[in-house]
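A short write-up of the structure that comes next.
To find a chain, count down the sequence lines: A is the first, B the second, and so on, and within it residues start at 1.
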Protein chains: 2
Amino acid sequence: MTESPARPTKAGGTKERILDTTAELFRRYGYTGTGLKQVVADANAPFGSLYHHFPGGKQQLGGEVIRRAGAMYYELVAGVIDAAPDIVAGIRDTFGGAAEVLRATDYVDACPIETVALEVASSNEPLRQATAEVFEQWITGAAARFEAAGIDAPAARELAVAIITLLEGAFVLARASRTTEALDAAGAVAIAAVETALRA
Amino acid sequence: MTESPARPTKAGGTKERILDTTAELFRRYGYTGTGLKQVVADANAPFGSLYHHFPGGKQQLGGEVIRRAGAMYYELVAGVIDAAPDIVAGIRDTFGGAAEVLRATDYVDACPIETVALEVASSNEPLRQATAEVFEQWITGAAARFEAAGIDAPAARELAVAIITLLEGAFVLARASRTTEALDAAGAVAIAAVETALRA
DNA sequence: GTCTATACTTTGATAGAC
DNA sequence: GTCTATCAAAGTATAGAC
């Protein structure tokens with residue numbers, strides 16, 4: 001009973017709480033749209049704590065959030081794919097599950113780093129690199145699964161890039177239109193591309 | 001010679017100059033990342049002019065820029081497609097041309113409304129609707145061309161959604177990685193999807 | 001390590017002279 | 001319709017007590 005329920009809102013230490021809160025705000029409002037005052041308010045943390053844990057300020061916090069959220073989203077999707085009986089079903093479940101989550105969260109919970117990636121692409125080189133590394137990690141992970149399904153390495157990588165491209169593009173149209181039409185269309189094309197590669 | 005070279009930087013009236021400048025800034029830095037002071041500075045316009053032409057402030061300016069830039073980009077891509085001998089070549093030219101432009105502009109000139117669309121999707125309902133209308137216009141225009149190529153209406157629309165999804169998604173990965181790999185992979189999948197639909 | 005108070009800058013927006 | 005001056009609020013960041 002030495003543990004005290006200091007922070008009612010979320011579990012974990014102050015640093016983790018700041019990271020999780022920032023990730024949530026980034027997904028909704030993007031990098032420039034998220035203020036540090038809002039971060040500490042939502043994380044129930046004192047302002048000074050932020051600069052204690054992230055002496056590099058908003059940029060350091062942003063970098064850690066991008067890598068952390070990127071890795072977590074990778075694990076999430078990889079789990080869905082690996083739970084399916086085969087790779088085609090895994091891709092189908094990925095797009096179908098993404099559509100479900102979007103509907104259930106009022107079209108908020110899409111890719112956690114996409115908005116930030118576009119915002120920083122031409123304005124913040126360190127953060128741009130962070131997003132590039134996350135996407136590269138996803139591509140490598142997806143390509144490995146396609147290779148395991150019998151597709152040769154170059155085709156597996158190209159297919160991985162195309163699938164992730166379809167998912168990211170569908171998130172843009174889905175969030176703008178508040179429909180899952182793009183995820184359905186993208187999922188169909190994705191499955192067709194995988195089946196074609198498997199036959200080759 | 002009654003015309004005086006009042007503004008050295010760009011052609012057109014003050015309002016048009018503000019619209020063009022804002023569109024350029026939105027593409028690079030997004031909506032929240034673009035300040036109105038930077039807009040008037042780059043447009044070589046006095047600050048008061050902005051609120052004279054856009055009494056609704058940043059939101060009204062944003063809405064007009066989204067619709068204007070969206071329509072211009074539509075005309076640009078439609079021109080590329082219609083200049084090609086057939087629809088497959090048109091799609092190939094679209095993805096190839098987009099890759100060329102990205103390389104030539106240091107990965108800045110991608111979709112003019114994509115960053116803004118993600119930023120406002122869950123934070124600014126009027127602007128979210130503006131982006132949704134632009135995407136819908138693109139989908140309708142692309143679907144009409146697929147129908148003209150002999151694809152039935154439902155399939156043409158689904159194909160249009162998928163192609164635009166591929167383009168938007170490729171822009172995200174391309175700008176983040178500063179490579180055109182995603183545009184190449186997306187273009188290949190896009191062409192395959194069109195060819196499949198044409199055979200059906 | 002926690003927390004408060006504050007410094008400094010930039011933001012969107014307005015008023016009013018011309 | 002142009003332009004300057006200015007406002008209140010929010011932005012990031014820092015200092016220093018505890």
Report summary line: A/Phe54 atom CZ is separated from D/dT12 atom P, nearest whole Å, by 14 Å
Report task. Please test B/Leu167 against B/Leu183 for side-chain contact (heavy atoms from CB on, under 4.5 Å), starting from the C-alpha separation and ending with a verdict. Result -> CA-CA 7 Å; B/Leu167 192 61; B/Leu183 277 160; 4.1 Å; yes
Report task. Considering only NZ, NE, NH1 and NH2 on the basic side and carboxylate oxygens on the acidic side, decide whether B/Arg27 and B/Glu24 come within less than 4.0 Å. Result -> no
Between the protein and nucleotides 4-10 of chain D, which nitrogen or oxygen pairs come in under 3.5 angstrom?
none

Query - side-chain N/O A/Thr14 vs C/dG1 OP1/OP2, d < 4.0 Å - result: no
Query raised in the report: Is a salt bridge present between A/Glu168 and A/Arg175, judged by a nitrogen-to-oxygen distance below 4.0 Å?
Result: no
Query raised in the report: Where the side chain of B/His52 is concerned, which of D/dG1, C/dT2, C/dG12 is the nearest nucleotide?
Result: D/dG1
Report task. Please state whether the rings of A/Trp138 and A/Phe135 are parallel, tilted or perpendicular, taking 30° and 60° as the class boundaries. Result -> perpendicular
Query raised in the report: Between C/dA13 and B/Tyr51, is there an OP1 or OP2 to side-chain N/O distance shorter than 4.0 Å?
Result: yes
Report task. Not counting sequence neighbours, which residues clear ring pair (Phe, Tyr, Trp, His ring centres under 6.0 Å) with B/Phe171? List them please. Result -> none
Requested in this report: Would you kindly give the NE2-to-P distance between B/His53 and C/dA13, to the nearest whole Å?
Outcome: 17 Å
Query raised in the report: Atom CG of A/Leu36 and atom C1' of C/dA5: how far apart are they, to the nearest Å?
Result: 17 Å
Report summary line: When rounded to whole Å, the CD to C1' distance for the pair B/Gln38 and C/dT9 reads 15 Å
Query raised in the report: Where along residues 55-67 of chain A does a heavy atom fall under 4.0 Å from DNA chain D?
Result: A/Gly57, A/Lys58
Report task. Evaluate the side-chain proximity of B/Phe95 to B/Ile163: yes if any heavy-atom separation is below 4.5 Å, no if none is. Result -> yes
Query raised in the report: Going by atom types only, do B/Glu133 and B/Gln137 share a side-chain donor-acceptor pair under 3.5 Å?
Result: no
Query raised in the report: Any idea which heavy atoms bring A/Val39 and A/Ile18 closest together, and the distance?
Result: CG1-CG2, 4.0 Å
Query raised in the report: C/dT14 C1' sits how many Å from B/Leu50 CG, rounded?
Result: 13 Å
Query raised in the report: What nucleic acid atoms does B/Thr34 come within less than 4.0 Å of, heavy atoms only: base, sugar-phosphate, or nothing?
Result: sugar-phosphate
Query raised in the report: Is B/Tyr74 linked to B/Leu19 within one hydrophobic cluster, defined over Ile, Leu, Val, Met, Phe, Trp and Tyr using a side-chain heavy-atom separation of less than 4.5 Å?
Result: yes
